[in-house]
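Each remark here refers to the structure printed beneath this line.
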Amino acid sequence: MANYPTPHINASPADFGKTVLMPGDPLRAKFIAETYLDSPVLVNNVRGIQGYTGTYNGVRVSVMASGMGMPSMGIYSYELYNIFGVENIMRIGSAGSLQEDVHVRDLVFGMAASTNSNYARQFGIPGTIAPVADYTMLRTAVAAAEAHGARYHVGNILSSDTFYDDDAGANEKWRRMGVMCIEMEAAALYLNAAKAGKRALALLTISDHLVTGEATTAEERQTSFTQMMEVALDTAVRLEQM
Ligand code: HPA
């Protein structure tokens, strides 16, 4: 096992809580830390991938950015699980909806993360492995979402390597298989968790609709992100108390 600090995280295992919330955007990590955590301390800033640890309702919680895409999520989640001793990682991000009944601002829990990525190839599985969320984290987070009165869906999501895809028919094929939305990081997170024997979950808010073009105001978008962050923090507290 590699030693810390790593080329990507200039910290030690004691700097992180048991649960790390991971938005893609470093500025969102900073916002969550400054808005919700008591006594937040900046524990990483390599490449501007800000990571903070503080307390929420008395529980030590960390929040660190993943960057965009599976290679980036792959690096940070690998190091957090295998080098920094983190047990639970919860991605919190945005996604584009593929289903008419999955509306802008709804929450989506990725029970499974289908993917067009080759990330799993490294594990040499003699077949196709299904990247799945940790069930304990999933049911804990769903209970938190219900306590917050959130509108939510649970099911299959797509982790895509492309935001701009040359295949104009691809989204429709995923939609027909019931895949709820597209994002770009969960499958790598779930596979790293499986390999490390740790827990992972992706919680998304729908920021845009890829089928109906349904739109939202910046203010409404912020409100739904706020709800997602509060559900995620509540989940971290519930996991600690188990
Ligand atoms: N594709 C991938 N990731 C996304 C999207 C999308 O349409 N919307 C928000 N995150």
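The basis for the numbers below is simple: all heavy atoms, side chains too, and nothing from hydrogens, waters or symmetry mates.
Cluster annotation: Y36 is connected to M64 through the hydrophobic network of ILVMFWY side chains, with a link wherever side-chain heavy atoms come within less than 4.5 Å. Note on M68 and L21: separate hydrophobic clusters, where clusters join Ile, Leu, Val, Met, Phe, Trp and Tyr whose side-chain heavy atoms are under 4.5 Å apart, directly or indirectly. Cluster annotation: L37 and F16 are assigned to the same hydrophobic cluster (Ile/Leu/Val/Met/Phe/Trp/Tyr, side-chain heavy-atom contacts under 4.5 Å, transitive). V142 and L189 fall within the same hydrophobic cluster, where Ile, Leu, Val, Met, Phe, Trp and Tyr residues are linked whenever their side-chain heavy atoms come under 4.5 Å apart, directly or through other members. Hydrophobic cluster membership is shared by I89 and V231, with clusters built from Ile, Leu, Val, Met, Phe, Trp and Tyr side chains linked at under 4.5 angstrom.
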Any chance you could lay out the side-chain hydrogen bond (donor to acceptor under 3.5 Å, both in side chains) test for Q227 and H148, step after step, and finish with the verdict?
CA-CA 8 Å; Q227 186 175 54; H148 284 261; over 6 Å; no

Let's go through L98 and E172 carefully: what are the C-alpha distance in whole Å and the side-chain angles of both, what is the deciding distance for side chain to side chain contact (heavy atoms under 4.5 Å, CB included) to 0.1 Å, and is it a yes or a no?
CA-CA 8 Å; L98 290 173; E172 171 59 16; over 6 Å; no

Side chain to side chain contact (heavy atoms under 4.5 Å, CB included) assessment of V108 paired with L203
CA-CA 6 Å; V108 175; L203 171 55; over 6 Å; no

Evaluate salt bridge (charged side-chain N to carboxylate O under 4.0 Å, His left out) for R91 paired with E185, printing each intermediate quantity in order.
CA-CA 8 Å; R91 157 160 165 72; E185 292 82 15; 3.0 Å; yes

Show, in sequence, the C-alpha distance, side-chain angles and deciding distance for E183 and S160, and conclude whether the side chain to side chain contact (heavy atoms under 4.5 Å, CB included) test is met.
CA-CA 6 Å; E183 56 88 67; S160 178; over 6 Å; no

Start with the C-alpha gap between T53 and S62, add the side-chain angles, then the distance that decides, and say whether side-chain hydrogen bond (donor to acceptor under 3.5 Å, both in side chains) holds.
CA-CA 4 Å; T53 298; S62 299; 2.6 Å; yes

Stepwise side-chain hydrogen bond (donor to acceptor under 3.5 Å, both in side chains) test for E87 and T19:
CA-CA 6 Å; E87 293 298 325; T19 301; over 6 Å; no

Let me see the working for N192 and Y119 under side chain to side chain contact (heavy atoms under 4.5 Å, CB included), right down to the final yes or no.
CA-CA 10 Å; N192 277 356; Y119 192 84; 2.9 Å; yes

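The closest donor-acceptor contact from the side chain of N116 to the backbone of D161 lies under 3.5 Å. With D15 contributing its side chain and S12 its backbone, the two residues share a donor-acceptor pair below 3.5 Å. The backbone N or O of G54 sits nowhere less than 3.5 Å from a side-chain atom of R60 that would complete a donor-acceptor pair. Of the possible polar contacts, one joining the N44 side chain to the N10 backbone as a donor-acceptor pair under 3.5 Å is found. Between the side chain of E220 and the main chain of T217, a donor-acceptor pair closer than 3.5 Å is present.
The side-chain heavy atoms of L239 and K18, taken from C-beta on, include no pair separated by under 4.5 Å. In this structure, F123 and L191 have side chains that are in contact, with non-hydrogen atoms separated by less than 4.5 Å. Residues Y52 and V43 are not in side-chain contact: their nearest non-hydrogen atoms beyond the backbone lie 4.5 Å or more apart. Within the 4.5 Å cutoff, the side chain of K195 has no heavy atoms near those of the Y78 side chain. Within the 4.5 Å cutoff, the side chain of F225 has no heavy atoms near those of the I32 side chain. Using a 4.5 Å heavy-atom threshold, the side chains of T212 and E100 count as touching. Using a 4.5 Å heavy-atom threshold, the side chains of M90 and N88 count as separate. Within the 4.5 Å cutoff, no side-chain heavy atoms of S159 are placed close to those of M184.
When all heavy atoms are compared, the tightest approach of M137 to L201 is O-CD2, 3.7 Å. Across all their heavy atoms, I206 and C181 have their closest contact at CD1-CB, 3.7 Å. Contact detail for R199 and A193: the closest heavy-atom pair is C-CB, 4.2 Å. The shortest non-hydrogen separation linking A186 to I157 is CB-CD1, 3.7 Å. Between Y190 and A202, the shortest heavy-atom contact is OH-N, 2.9 Å. Closest heavy-atom contact between Y81 and V86: CD2-O, 3.4 Å.
For the atom pair OG1 (T205) and CD (Q222), the distance works out to 9.5 Å, reported to the nearest 0.5 Å. Note that the CG atom of D106 and the CE atom of M180 stand 10.0 Å from one another [nearest 0.5 Å]. Atom OG in S117 sits 10.0 Å away from atom CG in L158 (nearest 0.5 Å). Expressed to the nearest 0.5 Å, how far CD of Q99 lies from CG of N156 amounts to 10.0 Å. Once rounded to the nearest 0.5 Å, the distance linking OG of S72 with CD1 of I49 reads 5.0 Å. Remark: M111 CE to L138 CG distance equals 7.5 Å, nearest 0.5 Å.
For E219, the CD atom counts as loosely surrounded, since its 6.0 Å shell holds 12 or fewer non-hydrogen atoms of other residues, nucleotides or ligands. Atom CZ of R151 has more than 12 neighbouring heavy atoms from other residues, nucleotides or ligands inside a 6.0 Å radius.
The aromatic rings of F84 and Y4 are tilted relative to each other, their planes meeting at an angle between 30° and 60°.
Between the side chains of Y56 and D234, no donor N or O sits under 3.5 Å from an acceptor N or O.
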